[in-house]
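All ligand and atom numbering here is 1-based and tracks the order in the structure.
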Amino acid sequence: MTGKMGRFAFFEGAIRPYSEAKISIATHSFNYGTACFEGIRFYWNESKRKCVVLALREHFQRLFQSIKILKIELPYTIDQLCQITLELLRKEGYQEPGYIRPIAYKKDETIGVRLSGLGGEIAIFTLTFGSYYRNEEDVRAVISSIRRIDDCAIPARAKITGAYVNSALAKDEALATNFDEAIVLNSNGRVSEASAANLFLVRDGLLITPPVTENILEGITRKIVIMLAEKELGIKVLERPVDRSELFIAEEVFITGTACNIAAITFINGQPVGKGKIGPITKKLREIYCQLIKGGLEKYSYLITEV
Ligand code: PMP
């Protein structure tokens, strides 16, 4: 992820210079991966001359779900964290798109693998951020040899730092073999998601996506896309297990995420998806989503927070 780091961070209860926000090498979460994070996007709205944040509350709601699983207790409410984030963005005064990274962690400096009896803390930092892929309309994917972590190993529905070794292994293998992205199967050999995005396919004009019980992150973009497909395009969305071979007969495949927005998968393992270029449903969804995220659709303004 490229981008310029912000000048400030929320760290140990206050907004401080970014350079002063540092943890010890003995911090529990650094040693054992016991932290939970979020990735939130903000966009520059030219007509309002303001930045707008997408699904701010929804992301903190998911963070609270993740920290519940990891037993991280924070002395803040979701409302307070939304306000702190907006304050941080106002202080930065960005006039370009960017990314917000809240990270809740086990702060104790101690040795010992456990979850209980450890203090919790949260840090928030921001950076400028443009496009995630070379071309969001032409992403070439490979089916990874790395399997998705199972709910009984590390729950994928929680955004746990330690679990991202799984994503890193998959993404790295894809990049090392000259693909843009990895499609990861779960331990049952069914499709779960991409390295950091949820996956949809189009078959017979219907949208299909793996359900939340297939070891996926419960994506916020996924939820928005399901709503847009049904409400704006009148397309039925089926949440059901997806076989590996369905990837090769789908008319369209696309992935969704805060970082990548809606990105078209045009080739899988070197085979063209449909005609090997972005399909009509993916294109339409991208157009609507693009309007929504910049605050251009009144109907969905509840998902947008002005800075
Ligand atoms: N799956 C994984 C593993 C991810 O890291 C992400 C990015 N947060 C997603 C899916 C997409 O989720 P969201 O739409 O909430 O960004």
Side-chain angles (χ1 to χ4, degrees), residues 1 33 35-43 53-67 69 97-104 127 129 131-133 136 139 141 144 146-151 153-174 180-187 190-201 207 209-229 237 239 242 253-263 265 282 285-286 288-290 292-293 300 303-304:
M1 187 178 292
C36 300
F37 66 103
E38 272 303 321
I40 312 172
R41 273 244 201 199
F42 61 87
Y43 299 90
V53 187
L54 176 66
L56 178 61
R57 213 186 150 69
E58 288 75 7
H59 280 281
F60 279 110
Q61 279 168 342
R62 186 172 64 190
L63 182 71
F64 273 54
Q65 202 168 290
S66 298
I67 65 174
I69 290 173
Y99 195 81
I100 305 158
R101 166 56 48 83
I103 179 159
L127 60 155
F129 184 61
S131 204
Y132 189 67
Y133 292 116
E136 283 177 8
V139 174
S144 186
I146 301 294
R147 291 292 171 109
R148 189 78 175 115
I149 38 165
D150 188 76
D151 192 58
I154 306 176
R157 66 166 46 75
K159 220 169 150 54
I160 298 169
T161 54
Y164 274 74
V165 170
N166 183 235
S167 291
L169 286 167
K171 178 82 177 206
D172 192 71
E173 180 191 59
D180 302 312
E181 189 48 89
I183 296 174
V184 185
L185 308 179
N186 59 29
S187 47
R190 288 195 299 262
V191 177
S192 72
E193 56 184 338
S195 64
N198 295 113
L199 185 138
F200 287 78
L201 32 99
L207 269 186
T209 193
V212 295
T213 46
E214 290 285 322
N215 296 318
I216 65 168
L217 181 76
E218 299 180 357
I220 289 163
T221 321
R222 174 183 180 276
K223 223 178 208 173
I224 296 173
V225 164
I226 291 173
M227 178 179 73
L228 292 178
V237 183
E239 293 181 59
V242 172
V253 176
F254 63 85
I255 55 175
T256 65
T258 299
C260 73
N261 300 313
I262 299 173
I265 302 289
T282 312
L285 280 169
R286 268 178 63 81
I288 303 169
Y289 187 75
C290 238
L292 184 153
I293 58 182
Y300 300 106
L303 287 168
I304 303 292

Kindly write out the residues that satisfy side-chain contact (heavy atoms from CB on, under 4.5 Å) with Asp172, not counting sequence neighbours, or none if the list is empty. none
According to side-chain hydrogen bond (donor to acceptor under 3.5 Å, both in side chains), who are the partners of Gln61, at least two apart in sequence or on a separate chain? none
For Arg148 and Glu193, indicate whether the former's side chain and the latter's backbone hold a donor-acceptor pair under 3.5 Å. no
Before giving the answer on salt bridge (Lys or Arg N to Asp or Glu O under 4.0 Å), spell out for Glu181 and Lys171 the whole-Å C-alpha distance, their side-chain angles and the decisive distance to 0.1 Å. CA-CA 6 Å; Glu181 189 48 89; Lys171 178 82 177 206; 3.3 Å; yes
Measure from every N or O atom of ligand 1 to the protein's N or O atoms and keep only the pairs below 3.5 Å, writing each with atom names and distance to 0.1 Å.
unit_1: ligand 1; atom_1: 1 (N); unit_2: Glu193; atom_2: OE1; d: 2.6
unit_1: ligand 1; atom_1: 5 (O); unit_2: Lys159; atom_2: NZ; d: 3.2
unit_1: ligand 1; atom_1: 5 (O); unit_2: Tyr164; atom_2: OH; d: 2.5
unit_1: ligand 1; atom_1: 8 (N); unit_2: Lys159; atom_2: NZ; d: 2.9
unit_1: ligand 1; atom_1: 14 (O); unit_2: Ile220; atom_2: N; d: 3.3
unit_1: ligand 1; atom_1: 14 (O); unit_2: Thr221; atom_2: N; d: 2.9
unit_1: ligand 1; atom_1: 14 (O); unit_2: Thr221; atom_2: OG1; d: 2.5
unit_1: ligand 1; atom_1: 15 (O); unit_2: Arg62; atom_2: NH1; d: 2.7
unit_1: ligand 1; atom_1: 15 (O); unit_2: Arg62; atom_2: NH2; d: 3.0
unit_1: ligand 1; atom_1: 15 (O); unit_2: Ile220; atom_2: N; d: 2.8
unit_1: ligand 1; atom_1: 16 (O); unit_2: Thr258; atom_2: N; d: 2.8
unit_1: ligand 1; atom_1: 16 (O); unit_2: Thr258; atom_2: OG1; d: 2.5

Quick one: does Ser66's side chain have a donor or acceptor within less than 3.5 Å of a partner on Arg62's backbone? yes
The criterion is side-chain hydrogen bond (donor to acceptor under 3.5 Å, both in side chains); which residues satisfy it with Arg286, sequence neighbours excluded? Glu136, Glu137
